[in-house]
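Take a look at the structure below.
Only this structure's heavy atoms are used, side chains among them; waters, hydrogens and symmetry mates stay out. Along the sequence shown, residues carry numbers from 1.
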Amino acid sequence: MKLKLSIVAILLLAINIVNSQEIKSPKFGKGLFNLVGKDSSWTMKVGFRAQFLGTSTWQKGESNQSNMLIRRSRLKFDGYAYSPKLKYKIELGLSNLDNSGTSSYTSNSPRIIMDAVLQWNFYENFELWVGQTKLPGNRERVISSSSLQLVDRSLLNSKFNIDRDMGIQLRHHFNLSEKFVVKEILSISQGEGRNVTTGNLGGHEYTGRIELLPFGNFSNKGDYVGGDLSREQKPKFALGAAYDFNNSAVRNRGNQGSYMVTDNGLFETNINTLFVDAMFKYDGFSFMAEYAERDASEPLAKNSDGTLTGDEVQVGHGLNLQSGYLFKNNWEVSGRYTNVELDKNITGKNPENQYTLGISKYIVGHNLKVQSDISHLQIKNDHNELMFRLQCELHF
């Protein structure tokens, strides 16, 4: 109820100030409406999007399971404040899946805030970001969930991504030549994920990322968009690597996963995560590859007397390969192979392989699209699973 009242209040406030603002009616997919202050000292674009998902799964020896839900539902606000060099982004998650994950460490409240970040271009090609937003980890995670090539992200992302956190990021880019672009990001964050209210439970998290674009920038920031919807006229390639160090982490996937509880508090261990990824696009064809690896100084959580608690860090590695071709009628065929191998001696989990084939129809790019895919999951010495998904994306 409080969430609904807050959203209504925000919208009423925006409508109430419309008469004193300059309103620009955007095209479909460019926001619900744009506000510009009389003196142009601030702007705000208000947007909304939703994903409607249907899923059906079959497992050998089990009856069919089907489900329909609102996969994501988001309100988005972005623009600049005081100066175009000081931008901001706020994104609120409204669906149950968006704001689930409540715990005592989030005051047992829904995790409504996805992003709340200031982005200050304080000098030439330098930007300082402050707030809660995505960390510069694997490429697939940084790509917006509204701009994915398949219905959802891969198993690699679900097992290894470092998602969002509260902290600061320093971003910079420069040219090695007329076309060759290098991008760098350094981040220091709290290390426990988004919407934590109980202080810094372990140590801090340190993340660094570098990207090389030898053929120049992609059209329309296409290196972080699924599929080649811009139909690159010349080959474009991006190679990225990221390293994340979570000092005294208290969750079993760094700043994600379950808290490792002991008889006298939370278990702490240092967790390292490495990502290497690449993106290639040309004339409707796209290819993305990612590798992830996680290890820990002490992967098995222990009580004060040395006995095991039953929690363990999800150490291991994963590989994701994904490709697709966009036809001129805006139908796309895509495929993905994902392999995840967690250390069985520590986690007790068997290797997983997943094969996915997808078909998408882009009506208005990623802003209005219908996507479907079918996946075959193989778990070594365990069950196989077949999954079909159908999803519609609506993005104002």
Side-chain angles (χ1 to χ4, degrees), residues 27 29-30 43 45 78-80 83-89 117-130 133-144 146-149 168-188 206-244 274-292 320-328 330 332 334 362 365-367:
K27 293 173 61 178
K30 301 297 182 181
T43 64
K45 182 178 78 174
D78 62 81
Y80 68 79
S83 165
K85 290 183 175 292
L86 183 60
K87 298 179 181 179
Y88 66 89
K89 177 186 177 184
V117 60
L118 290 173
Q119 304 166 346
W120 179 29
N121 178 205
F122 64 93
Y123 178 74
E124 294 184 349
N125 296 334
F126 287 90
E127 282 191 347
L128 180 66
W129 290 20
V130 180
T133 191
K134 292 177 183 176
L135 295 179
N138 60 309
R139 184 178 301 272
E140 187 184 30
R141 184 63 191 91
V142 179
I143 293 175
S144 171
S146 66
S147 302
L148 298 176
Q149 188 172 38
I168 60 173
Q169 297 183 21
L170 178 64
R171 294 173 172 245
H172 177 252
H173 67 271
F174 66 94
N175 281 58
L176 278 178
S177 66
E178 183 179 352
K179 291 186 177 181
F180 202 125
V181 180
V182 179
K183 300 179 181 179
E184 312 130 296
I185 309 174
L186 293 175
S187 169
I188 301 175
Y206 307 89
T207 313
R209 180 173 173 84
I210 186 168
E211 297 183 15
L212 308 177
L213 293 85
F215 307 132
N217 286 314
F218 287 59
S219 301
N220 301 315
K221 300 180 181 179
D223 48 335
Y224 282 95
V225 174
D228 185 17
L229 273 66
S230 296
R231 302 184 190 278
E232 295 286 356
Q233 297 301 302
K234 295 182 179 181
K236 293 296 174 68
F237 177 71
L239 178 65
Y243 174 73
D244 180 82
L274 171 69
F275 299 106
V276 180
D277 56 67
M279 176 73 85
F280 174 82
K281 292 186 176 183
Y282 177 57
D283 195 24
F285 173 79
S286 62
F287 175 76
M288 182 178 72
E290 289 192 318
Y291 174 80
N320 187 55
L321 304 174
Q322 182 172 314
S323 184
Y325 182 75
L326 179 69
F327 295 93
K328 292 184 178 180
N330 289 324
E332 183 185 44
S334 55
Y362 300 99
H366 282 291
N367 296 313

#### Entry: Worked check of side chain to side chain contact (heavy atoms under 4.5 Å, CB included) between I143 and M288
CA-CA 12 Å; I143 293 175; M288 182 178 72; 4.2 Å; yes
### Message
List the residues meeting side-chain hydrogen bond (donor to acceptor under 3.5 Å, both in side chains) with S334, not counting sequence neighbours, and say none if there are none.
### Response
none
### Query
Judged by atom type as modelled, is there a donor-acceptor pair below 3.5 Å linking the side chain of S323 to the main-chain atoms of S286?
yes
### Message
Tell me whether S147 contacts the main-chain N or O of G226 through its side chain, where contact means a donor paired with an acceptor under 3.5 Å.
### Response
no
### Query
What residues form a side-chain contact (heavy atoms from CB on, under 4.5 Å) with E232, not counting sequence neighbours?
F218, S219, D228, K236, K281
### Task
Give the minimum heavy-atom separation between D78 and K89, together with the two atoms involved.
CB-CA, 4.2 Å
### Message
Quick check for you: to the nearest 0.5 Å, what is the distance between I210 atom CD1 and L186 atom CG?
### Response
10.0 Å
### Message
Contact between Y80 and L86 at the side-chain level, heavy atoms closer than 4.5 Å - yes or no?
### Response
no
### Query
What's the spacing between F275 CZ and Y243 OH if we round to 0.5 Å?
12.0 Å
### Summary
Tightest non-hydrogen contact, residues P214 and F237, listed as CD-O, 3.4 Å
### Summary
Separation between OH (Y206) and CG (D244), nearest 0.5 Å, reads 11.5 Å
### salt bridge (Lys or Arg N to Asp or Glu O under 4.0 Å) between D277 and R209, worked out
CA-CA 11 Å; D277 56 67; R209 180 173 173 84; 3.0 Å; yes
### Summary
Shortest non-hydrogen pair, G240 vs R139, comes out as N-NH2, 4.0 Å
### With sequence neighbours excluded, residues passing salt bridge (charged side-chain N to carboxylate O under 4.0 Å, His left out) with K183
D223
### Message
To the closest 0.5 Å, what do you measure between OG1 (T207) and CD1 (I185)?
### Response
10.0 Å
### Query
Is there side-chain contact between H172 and F126, with at least one heavy-atom pair below 4.5 Å?
yes
### Query
Rounded to the nearest 0.5 Å, how far apart are NZ of K179 and CZ of F215?
9.0 Å
### Which residues share a side-chain hydrogen bond (donor to acceptor under 3.5 Å, both in side chains) with S146, sequence neighbours left out
S144
### Message
Show the nearest heavy-atom pair for residues Q149 and Y362, with the distance to one decimal.
### Response
O-OH, 4.1 Å
### Task
Please report the closest heavy-atom contact between L148 and E140, naming both atoms and the distance.
CD2-O, 4.5 Å
### Message
Applying side-chain contact (heavy atoms from CB on, under 4.5 Å), can you list everything that pairs with F327, at least two apart in sequence or on another chain?
### Response
Y325, N329, V333
### Message
Quick check against the 3.5 Å criterion: does Q233 have a side-chain atom that pairs as donor or acceptor with the backbone of R231?
### Response
yes
### Any side-chain heavy-atom pair of Q169 and V117 under 4.5 Å
no
### Message
Just verifying a value: how many Å separate I168 CD1 and T133 OG1, rounded to the nearest 0.5 Å?
### Response
14.0 Å
### Query
Do E184 and L170 pass the side chain to side chain contact (heavy atoms under 4.5 Å, CB included) test, and can you show the C-alpha distance, the side-chain angles, and the key distance before you say yes or no?
CA-CA 8 Å; E184 312 130 296; L170 178 64; over 6 Å; no
### Task
Mind listing the closest non-hydrogen atom pair of K134 and V142 along with its distance?
NZ-O, 3.2 Å
### Task
State which residues pass side-chain contact (heavy atoms from CB on, under 4.5 Å) with N175; sequence neighbours excluded, sorted by chain then number.
V181
### Query
In terms of heavy-atom contacts, does CZ of F122 have more than 12 from other residues, nucleotides or ligands at under 6.0 Å?
yes
